[in-house]
Every structure is written in structure tokens, then in C-alpha cells.
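Presented below is the structure to which this report refers.
What's counted below: heavy atoms across the whole structure, side chains too, no hydrogens, waters or symmetry copies. Computed from a prediction, not measured in an experiment: that's the story for all the values here.
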Amino acid sequence: MDGTQKVLAAARRAGVRRVLLASSVNAVGFVPYGRLSADQVLVARPDTYHGVSKAALEALGNVYARRGDGVALQGRCPSLRVASTR
């Protein structure tokens, strides 16, 4: 989180208008297939330590965007989790 804050602060000082923060599906945790609609907004419910750091990154990006400290664009990397049902 400290590194993300330093990058966003440096971008603001340099006049950078857009920053892409690459998040992760781990920021929202496991959601069973078929339980999401196309317009559903996923809230942070991290399921790993990595997910906790990505949820913090998203929250910090939102702070910068809302305060007008630059535009923080966020993206979650889609993924497919495969597990055994045995």
C-alpha cells in the first residue's frame, strides 16, 4: 500500500492524469459460477493476503480519484478458478 501511495503521489506531482491500478479477483474472493449478474458490483471480500493488498490498492485509488488528485482507473484481472468436487 505504501508503494501504491508513493506512485500515485508522484503521478499527481508530475501531472499524470490517469493511472491504471491492476487489481485481482482475490480482492473480492470466491464467487460461485452463476451467482453474478452483468451489472453487479463486487465489494471487497479478499480471500488471501494477496487479495487484502489488492483491496487496499483499490481503496487507495478511490481516495485519489474522489479527492481530485488525479484519475485512478482500476481493473480487476478476470480469472477462472478450477477446483475438484471430490
Side-chain angles (χ1 to χ4, degrees):
M1 187 163 155
D2 188 50
T4 300
Q5 189 277 326
K6 288 181 187 309
V7 167
L8 290 171
R12 179 189 38 140
R13 285 192 305 273
V16 174
R17 298 286 303 151
R18 294 181 185 213
V19 177
L20 174 62
L21 301 177
S23 190
S24 169
V25 69
N26 293 108
V28 295
F30 178 74
V31 178
Y33 178 76
R35 296 240 178 127
L36 292 176
S37 64
D39 60 348
Q40 185 172 350
V41 175
L42 297 174
V43 297
R45 289 196 299 208
D47 59 0
T48 63
Y49 291 119
H50 170 73
V52 169
S53 71
K54 292 300 188 170
L57 170 138
E58 290 182 13
L60 187 57
N62 282 327
V63 167
Y64 268 74
R66 284 193 320 269
R67 287 191 337 194
D69 288 339
V71 179
L73 302 176
Q74 297 177 175
R76 286 195 182 117
C77 302
S79 72
L80 173 65
R81 295 186 185 181
V82 179
S84 172
T85 57
R86 290 190 255 169

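Listed by chain and residue number, A27, A44, P46 satisfy the side chain to side chain contact (heavy atoms under 4.5 Å, CB included) test with A55 (two or more places apart in sequence, or in another chain). T4 pairs by the side chain to side chain contact (heavy atoms under 4.5 Å, CB included) definition with L8, L21, L57, L60, not counting sequence neighbours. With sequence neighbours excluded, the residues forming a side chain to side chain contact (heavy atoms under 4.5 Å, CB included) with A9 are Q5, R12, R13, Y64, listed by chain and number.
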